[in-house]
There are 2 protein chains.
Amino acid sequence: MLNCLSGTNCVCLKMTNILVEPHIDEAEDFIRRGIQKHNVLLIVGNCCVEYEGRASSKLEPGERIVIIKEDGALLIHRSTGYEPVNWMPGGNVVYHVRTIKSKEENSRDRISVNWQPPDCIFHVQMEDKMLKIHAVRRKPTESVKVFFDKFHMVSVLSLVDSGEFALYATEEDMQKAILAEPSLVEEEFKPISYERKVEPGFVDVYGMDKEGNLVVVEIKRKTAGNEAVLQLAKYVDAIRENTNRDVRGILVAPNIAKGVQTLLATIKLEFKALSPRKCAKILEKSRTRKLESFFKEK
Amino acid sequence: MLNCLSGTNCVCLKMTNILVEPHIDEAEDFIRRGIQKHNVLLIVGNCCVEYEGRASSKLEPGERIVIIKEDGALLIHRSTGYEPVNWMPGGNVVYHVRTIKSKEENSRDRISVNWQPPDCIFHVQMEDKMLKIHAVRRKPTESVKVFFDKFHMVSVLSLVDSGEFALYATEEDMQKAILAEPSLVEEEFKPISYERKVEPGFVDVYGMDKEGNLVVVEIKRKTAGNEAVLQLAKYVDAIRENTNRDVRGILVAPNIAKGVQTLLATIKLEFKALSPRKCAKILEKSRTRKLESFFKEK
DNA sequence: GAGTGGATTTCGCAT
DNA sequence: ATGCGAAGTCCACTC
């Protein structure tokens, strides 16, 4: 389990890939291999930093946390502050994953991964008895050099993280915001009712545009997918049949899933982006007002 | 040196304060004490995150790096990307350090530190067999909850870091920028000649203002201090004597040290702020040009 | 404390 | 590729 490579304070846990208080030579090897494997590197040590590119900067020696991510992003953090003191945004890492079907009956399919290098590339080498990690990027042309003379911890991580991240306001918040500020949906949009019962269920907001057309608004708090479009289409069709009038359908959501946009256009429905931030701002102003009051006023 | 508290994979290095693959109970104690001591915490583990405030967000489970800094800044980083997926900017930590003079002859002065809590406060507790780290902030009101069910590494760091950070454009960059765009110094400023740097750190440019007065420009790539003002004053005085004409002196730098501004005004010199960013932008258009070429054109 | 503008802004979506 | 606008922008400075 433990594999103490050398030195009195050095500990290497192979399974977790952590070096504690390593000699600089061990750290060098460890870091180089970590970068080659495109893992996440987590480094704590005494270093100075030079940046050259869109501007220039120099950071005198001190103990910092350095993170190198799978996409080549480089972050250098001090003991305070939200922002990194130095950094390099690394992007455009594309993993082309291709499944190669096995010809054997009970054999697993192979997976071929073509890895495309990130915008940001790294060079690791000793210089003046210090370990230099040099990150270079084209477009814009810039470079960050980190010089270590002491490592407290070096860790190579394979972070397993497929968890979805969703940013949203609650659907009720979005509804409130739209009723308080109908122009969020469209200029001169006039809400008539909300949570109106229609055949298949309830319409989120129901109103009229400046031409006098009926408008059905469907609200989704997160990225709108196919099901949101179909739901809206159902309401629009139902109201068209009931009223025998022109009815527009507008899908309001923070954003819309790739490809769903074309489906939406095909059946002549519309999309209006509405960010959670904007909803929160609108609600700030009318926090105390009750949902019902919006209509009593009119 | 090694102190394996429990579990097969757990290692605790007291001196470096690192827990590797700890049980959740150990991690809890460790993290709570780390936060109380206002140290930097470095955590790697499986977690999900909920944010509520200016907007709302939910991050499904996955392995991430979590950093809590001395000022209460909270960063949650995934395996890619420059930006944290969730965060809390922690600021306003003020250490009031007061030196209490010792009355004894050969005794050290005492230092009294009044610590003012950061805007962001933390609560650590078990919830549903997970460790919840709850960060709360007022103004704006927001909260981040991180739920851990597995820790790979927990580290409490006392980062010793007094290294100065300086952001600047090189003096040549700033010189080029001014020659390319003289209005950076002043409207209708006309450069006449430039002088290569005499002492490290600054370069002079000679020119004329729209009134026909001679203008001496001193460039500092970093925050201008007293010495910059005195250097400029020396130049201005020398040229006044030589030419027997009115000479203005303008100090160009990213910014000026506190208090130096008044000194500058006292001896009737001027200051013009010029950010490295602005220089970089100007130079974007004329990156390859030699310094001399700015005059050949005219 | 609120408002304003800059940033080594970054990031995403449009053309 | 390029350009434009939003961001849980952050951050520093002014009023």
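Values below: every heavy atom of this structure, side chains too, minus hydrogens, waters and symmetry copies. In what follows, every chain begins at residue 1, and chains take the letters A, B, ... in the order their sequences are listed.
To the nearest whole angstrom, the two P atoms, one in dT8(C) and one in dT4(C), are 22 Å apart.
In this structure, CZ of Phe271(A) is placed 10 Å from P of dC13(C), rounded to the nearest angstrom. The nearest whole Å value for the distance from the CD1 atom in Ile256(A) to the P atom in dG12(C) is 18 Å. Whole-Å rounding puts the Leu274(A) CG to dA7(D) P distance at 10 Å. Atom pair Asn255(A):CG and dG8(D):P shows a separation of 11 Å (rounding to whole Å applied).
The closest donor-acceptor contact from the side chain of Asp71(A) to the backbone of Ala73(A) lies under 3.5 Å.
Sorted by first then second residue, the ring pair (Phe, Tyr, Trp, His ring centres under 6.0 Å) pairs that include residues 45-81 of chain A, not counting sequence neighbours, number zero. Residue pairs that meet the salt bridge (charged side-chain N to carboxylate O under 4.0 Å, His left out) test with at least one member in residues 158-170 of chain A, sequence neighbours left out, are Asp161(A)-Arg64(B), Asp161(A)-Arg78(B).
Taking Phe189(B) as the reference, nothing meets the ring-ring contact (aromatic ring centres under 6.0 Å, His included) condition, with sequence neighbours excluded. When the salt bridge (Lys or Arg N to Asp or Glu O under 4.0 Å) test is applied to Glu50(A), no partner is found at least two apart in sequence or on another chain.
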Side-chain donor-acceptor distances from residues 219-228 of chain A under 3.5 Å, at least two apart:
residue: Lys220(A); atom: NZ; partner: Glu218(A); partner atom: OE2; Å: 3.3
residue: Thr223(A); atom: OG1; partner: Asn255(A); partner atom: OD1; Å: 2.4

For nucleotides 6-8 of chain C, give me every protein contact, N/O to N/O, under 3.5 Å, one pair per line with atom names.
residue: dA7(C); atom: OP1; partner: Ser275(B); partner atom: OG; Å: 3.1
residue: dT8(C); atom: O2; partner: Tyr51(A); partner atom: OH; Å: 3.2
residue: dT8(C); atom: O2; partner: Arg54(A); partner atom: NH2; Å: 2.9
residue: dT8(C); atom: O2; partner: Glu142(A); partner atom: OE1; Å: 3.4
residue: dT8(C); atom: O4; partner: Asn86(A); partner atom: ND2; Å: 2.7
residue: dT8(C); atom: O4; partner: Trp87(A); partner atom: N; Å: 3.3

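Taking 4.0 angstrom as the limit, Lys139(A) places a side-chain polar atom (N or O) nearer than this to OP1 or OP2 of dT2(D).
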